[in-house]
Protein chains: 2
Amino acid sequence: MPRGRVKKEGGDSGEEDSDEYRKRRDRNNLAVKRSRVKSKQKTQETVNRVNELRNENTVLEEKVKTLTKELGFLKELFLAHASNNVDPSKFEGVNLQKLLEDDSSAGTSTDNNA
Amino acid sequence: MPRGRVKKEGGDSGEEDSDEYRKRRDRNNLAVKRSRVKSKQKTQETVNRVNELRNENTVLEEKVKTLTKELGFLKELFLAHASNNVDPSKFEGVNLQKLLEDDSSAGTSTDNNA
DNA sequence: TTGAATTGCGCAATCG
DNA sequence: CCGATTGCGCAATTCA
């Protein structure tokens, strides 16, 4: 429906000339200002949020990188040293075979079924 | 400077009554519409970006959690099994002692502050 | 100087 | 009825 400039003057339900009218207009103008300030704040906060999240993301990626590196090292070390003995079974419910394969297990859930 | 309703009619530099005037107004109105559409799109994209980043973040955190768990397990296993021999020095430039302490090394680089 | 893009502002319709 | 939102046009200002 039309919201723009549509004077509906001349009929029967015209706004009072300038009694309550001005008062209402002024109040609305204030409301409009409040609303716009609020809107801009929200937009700005969203922009800030993006930056915060990008930083968190960077930190997390570094963390993953470091952990992956350490894990890779320990696995190598482990395999090299224990390639002779050590039970080829499980420990604490963790599948050792799987764990030592590579490091792709860091994705989503670990399928411990079957 | 006042930007609101300030008719500067009646003087000497009044806009032409409706020659180029209307044409210019119409052009500007179109420009205003373009500008506002563009603005809203950008805002929406920013909101979407926040959601994307939040998802990436969640994935990364799960990844860190998984890797930390695996790392902890391997360290325990390693310590338990190799507590008798194994050179206590280094491997490939990695400090074994440090690596086996706990898993706090995944934060921000190794801080050597006092 | 010129024209498009932005921006502050007020109006009116509509929403809650 | 009231305040909050929103589409829209105007004019000033900024950009290019």
Side-chain angles (χ1 to χ4, degrees), chain A residues 1-66 106-109, chain B residues 1-66 106-109:
Chain A
M1 290 303 247
R3 267 190 192 181
R5 167 88 324 113
V6 179
K7 245 321 187 108
K8 73 172 158 94
E9 207 69 57
D12 51 317
S13 59
E15 313 278 357
E16 299 92 283
D17 294 300
S18 59
D19 197 35
E20 286 280 320
Y21 175 64
R22 190 69 257 157
K23 194 170 286 184
R24 267 179 287 150
R25 284 301 327 134
D26 289 339
R27 265 186 284 127
N28 177 247
N29 289 338
L30 290 178
V32 169
K33 284 182 186 175
R34 282 193 293 267
S35 181
R36 287 175 177 157
V37 165
K38 187 178 174 184
S39 176
K40 287 178 184 176
Q41 291 182 324
K42 218 166 64 180
T43 296
Q44 189 52 55
E45 281 170 22
T46 303
V47 171
N48 294 334
R49 184 66 181 139
V50 166
N51 291 323
E52 291 176 9
L53 286 171
R54 290 208 306 201
N55 291 333
E56 286 179 42
N57 238 316
T58 298
V59 170
L60 284 171
E61 286 186 356
E62 285 176 25
K63 213 161 181 171
V64 168
K65 190 177 175 183
T66 299
T108 43
S109 67
Chain B
M1 291 297 248
R3 268 192 191 180
R5 168 85 328 111
V6 179
K7 245 327 185 98
K8 73 171 158 90
E9 208 71 56
D12 51 316
S13 60
E15 313 280 356
E16 299 92 283
D17 294 302
S18 59
D19 199 39
E20 286 277 319
Y21 175 65
R22 192 68 256 158
K23 192 169 288 183
R24 268 179 287 159
R25 283 305 323 136
D26 290 339
R27 280 182 185 293
N28 178 246
N29 288 339
L30 291 177
V32 169
K33 283 182 186 175
R34 282 193 294 270
S35 181
R36 286 174 177 158
V37 165
K38 187 178 174 184
S39 177
K40 286 179 185 175
Q41 290 182 325
K42 218 166 64 178
T43 295
Q44 189 52 54
E45 281 172 20
T46 302
V47 171
N48 294 335
R49 184 65 181 139
V50 166
N51 291 324
E52 290 175 11
L53 287 171
R54 291 207 306 202
N55 291 333
E56 285 180 40
N57 240 319
T58 299
V59 170
L60 285 172
E61 286 185 358
E62 283 176 27
K63 212 162 182 173
V64 167
K65 189 177 176 183
T66 300
T108 42
S109 65

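By convention in this document, chain letters (A, B, ...) are assigned in the order of the sequence lines, proteins followed by strands, and residues within each chain are numbered from 1.
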Under the side-chain hydrogen bond (donor to acceptor under 3.5 Å, both in side chains) rule, collect the residues that match up with A/Asn55, sequence neighbours excluded. none

Going by the rule side-chain hydrogen bond (donor to acceptor under 3.5 Å, both in side chains), which residues pair with B/Gln44 if we only count those two or more places apart in sequence or in a different chain?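 Result, side-chain hydrogen bond (donor to acceptor under 3.5 Å, both in side chains) vs B/Gln44: B/Asn48.
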
Any B/Arg22 side-chain nitrogen or oxygen under 4.0 Å from OP1 or OP2 of D/dC10: yes

For D/dG9 and B/Asn28 - does any side-chain N or O of the residue sit under 4.0 Å from the phosphate oxygens OP1/OP2? no

Could you tell me how far apart [X] ([atom1]) and [N] ([atom2]) are, to the nearest whole angstrom?
{"X": "B/Asp26", "N": "D/dG9", "atom1": "CG", "atom2": "C1'", "answer": "10 Å"}
{"X": "B/Arg24", "N": "C/dA4", "atom1": "CZ", "atom2": "P", "answer": "11 Å"}
{"X": "A/Leu30", "N": "C/dC9", "atom1": "CG", "atom2": "P", "answer": "11 Å"}
{"X": "B/Asn29", "N": "D/dC8", "atom1": "CG", "atom2": "P", "answer": "10 Å"}
{"X": "A/Glu20", "N": "C/dC11", "atom1": "CD", "atom2": "P", "answer": "16 Å"}

Can you list, by residue number, the residues of residues 33-43 of chain B that have a non-hydrogen atom closer than 4.0 angstrom to DNA chain C?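 Those residues are B/Arg34, B/Ser35, B/Arg36, B/Lys38.
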
Heavy atoms only, 4.0 Å cut-off, all strands: where does A/Arg25 land among base, sugar-phosphate and nothing? base

I need the minimum non-hydrogen distance between A/Leu53 and B/Val50, along with the two atoms involved.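 Residues A/Leu53 and B/Val50, closest heavy atoms: CD1-O, 3.6 Å.
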
Does anything in residues 32-43 of chain A form a side-chain hydrogen bond (donor to acceptor under 3.5 Å, both in side chains)? List the pairs, not counting sequence neighbours.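 The answer is none; no pair qualifies.
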
Across all chains, not counting sequence neighbours, the salt bridge (charged side-chain N to carboxylate O under 4.0 Å, His left out) partners of A/Arg25 are none

For A/Arg49, enumerate each residue passing the salt bridge (charged side-chain N to carboxylate O under 4.0 Å, His left out) test, keeping only those at least two apart in sequence or located in another chain. A/Glu52, A/Glu56

